Each structure stands twice: as structure tokens, then as C-alpha cells.
Amino acid sequence: MTEVSSLTGRLLVAAPALADPNFDRAVVLLLDHDEEGSLGVVLNRPTPVGVADILASWAGLTGEPDVVFQGGPVSLDSALGVAVIPGDEGPLGWRRVYGAIGLVDLEAPPELLAAALGSLRIFAGYAGWGPGQLEAELSEGAWYVVESEPGDVSSPRPEGLWRAVLRRQRSELAMVATYPDDPSLN
């Protein structure tokens with residue numbers, strides 16, 4: 001078995017040619033990546049469901065838009081909280097994933113984390129890949145791997161995140177941001 005270099009904390013940005021409708025123009029934050037597989041959340045799929053409708057106690061702590069995001073096609077009936085907490089130490093109920101980004105224990109009382117939260121997003125479901133599956137998709141050119149920034153988790157304009165992440169790259173990837181939604185209309 002080949003050793004997997006961890007991509008935890010990085011973003012997967014869907015290539016324009018990625019045919020899977022679950023990931024069309026998706027920006028995925030990888031929360032875990034090792035030889036056993038990968039798990040992440042899609043950062044730019046807001047739903048019409050308000051956080052208050054399913055997790056009322058957390059609703060006042062989420063940023064705009066204050067809706068639940070579809071984290072991916074797997075386990076849509078489960079919720080994940082991803083938060084940015086600046087500083088070296090995080091509060092009880094939060095586990096650091098990468099840099100200032102971490103997972104929130106949604107079973108914990110919100111007041112344990114409220115004072116420390118920089119931002120919070122709630123996701124229904126997640127994106128998952130089995131061992132070697134993501135590596136195969138990467139070798140096929142389905143995804144671009146780029147560095148994440150803490151503000152990506154709480155972007156107030158999630159519909160523009162795909163273009164914004166590509167545009168900030170210091171390479172030819174910045175040009176991909178100009179790729180039309182429907183190339184047949186060119």
C-alpha cells in the first residue's frame with residue numbers, strides 16, 4: 001500500500017469537467033484524509049432550511065446566511081458543525097482539524113463555545129471517499145487541491161465561493177474562475 005500524504009484542511013475545488021451533479025462547482029473542505037479514506041463538507045451548498053428549524057439552540061451563533069448547508073450526498077440526516085476559533089486553545093466541545101478550523105460537538109451546550117467562536121456553519125451530511133477513491137479522482141483531474149482560508153468556512157456569499165477560491169490562486173487556476181457556467185453558449 002502506498003502512503004497517503006494528508007490533504008486534511010485543504011480545499012477540493014471541482015474542475016469544470018467534473019460530471020457528478022453532487023459536486024458541480026463544489027468547494028469541499030477536507031476534514032479528514034488518510035489511508036482509510038477522506039471526509040469533507042461542501043462549503044457552497046446552502047439549503048432553504050434555517051438552522052433554527054433543526055438546531056434552535058445553535059441558531060444565534062451561525063453566520064449569514066443562517067441556513068443549513070448540504071455538506072455532501074452522504075448521511076443527509078446527520079449534522080456537522082464546523083467552526084473557526086482563533087488562538088491556540090479551543091474550548092470544550094470543539095476539536096481542531098486544521099489551523100483555526102475545527103469540528104463542534106453539537107451535543108455540547110452552545111454556551112460552552114459561544115464566547116470563543118469566530119464563525120460557525122451547520123452542515124447536513126458530508127462528502128466521503130473510500131481508500132484510494134479520492135486519489136483516483138485527483139489523478140483523473142476531477143479536482144483542484146488548494147489551501148483553505150478560515151473565511152472560506154463562513155463565506156457570506158457561498159454562491160460565489162467556487163470562483164473566489166479559484167480567482168485567488170497564483171497560478172493558471174485563476175483563469176479557470178472565468179470558465180462559463182454553460183460553455184455551449186460561448
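Here the structure is a predicted model, which is why all the values come from computation and not from measurement. Each residue takes its place number in the sequence, starting with 1.
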Distance check, rounded to the nearest 0.5 Å: Asp34 atom CG versus Thr8 atom OG1? 7.0 Å

Do Leu39 and Val97 share a hydrophobic cluster, counting only Ile, Leu, Val, Met, Phe, Trp and Tyr and linking them when any side-chain heavy atoms are less than 4.5 Å apart? yes

Under the side chain to side chain contact (heavy atoms under 4.5 Å, CB included) test, which residues partner Ala15, sequence neighbours left out? Tyr144

With side chains defined as the heavy atoms from C-beta onward, is the minimum distance between Tyr98 and Leu31 less than 4.5 Å? no

If every non-hydrogen atom of Glu147 is compared with every non-hydrogen atom of Leu11, which pair is closest and at what distance? O-CD1, 3.9 Å

Is it true that Leu112 and Leu55 fall in one hydrophobic cluster, defined by side-chain heavy atoms closer than 4.5 Å? yes

Cluster question for you: counting only ILVMFWY and a side-chain heavy-atom cut-off of under 4.5 Å, with indirect links fine, are Leu117 and Val153 together? no

Could you list the residues that satisfy side chain to side chain contact (heavy atoms under 4.5 Å, CB included) with Asp20, not counting sequence neighbours? Asn22, Phe23

pair Val28-Trp129: side-chain heavy atoms closer than 4.5 Å: yes

Do Trp58 side-chain atoms and Leu106 backbone N/O form a donor-acceptor pair below 3.5 Å? yes

Atom CZ of residue position Arg96 - does it have more than 12 heavy atoms of other residues, nucleotides or ligands inside 6.0 Å? yes

Heavy-atom closest pair, residues Arg121 and Ser155: NH2-O, 3.2 Å

Closest heavy-atom pair, Ala136 versus Ser139, reported as atoms and distance to 0.1 Å, is O-OG, 2.8 Å

Do the side chains of Val145 and Leu30 join up, straight or via other hydrophobic residues, at under 4.5 Å, putting them in one cluster? yes

Does some side-chain heavy atom of Ser148 sit less than 4.5 Å from a side-chain heavy atom of Ile101? yes

Side chain proximity check, Leu43 to Val165, heavy atoms < 4.5 angstrom: no

So which atom in Arg25 and which in Ala14 form the shortest heavy-atom distance, rounded to 0.1 Å? N-CB, 3.9 Å

Smallest heavy-atom separation, Val27 atom then Trp162 atom, equals CG2-CA, 3.6 Å

Under a 4.5 Å cut-off applied to non-hydrogen side-chain atoms, are Leu61 and Val51 in contact? no

Side-chain heavy-atom pair Asp152, Leu29 within 4.5 angstrom cut-off: no

Considering all heavy atoms of both residues, which atom of Ala26 and which atom of Asn44 are nearest to each other, and what is their separation? CA-OD1, 3.6 Å

Return a table of donor-acceptor pairs under 3.5 angstrom between the side chains of residues 62-90 and protein atoms on other chains or two or more places apart.
| residue | atom | partner | partner atom | Å |
| --- | --- | --- | --- | --- |
| Thr62 | OG1 | Ala59 | O | 3.1 |
| Ser78 | OG | Ser75 | O | 2.8 |

Knowing that exactly one of Leu18, Leu161, Val146 qualifies, which makes a side-chain contact (heavy atoms from CB on, under 4.5 Å) with Val13? Val146

Euclidean distance, Leu103 CG relative to Asp32 CG, rounded to 0.5 Å: 9.0 Å

Do Leu7 and Leu138 have side-chain heavy atoms sitting under 4.5 Å apart? yes

Quick one: are His33 and Glu135 in side-chain contact, heavy atoms under 4.5 Å? yes

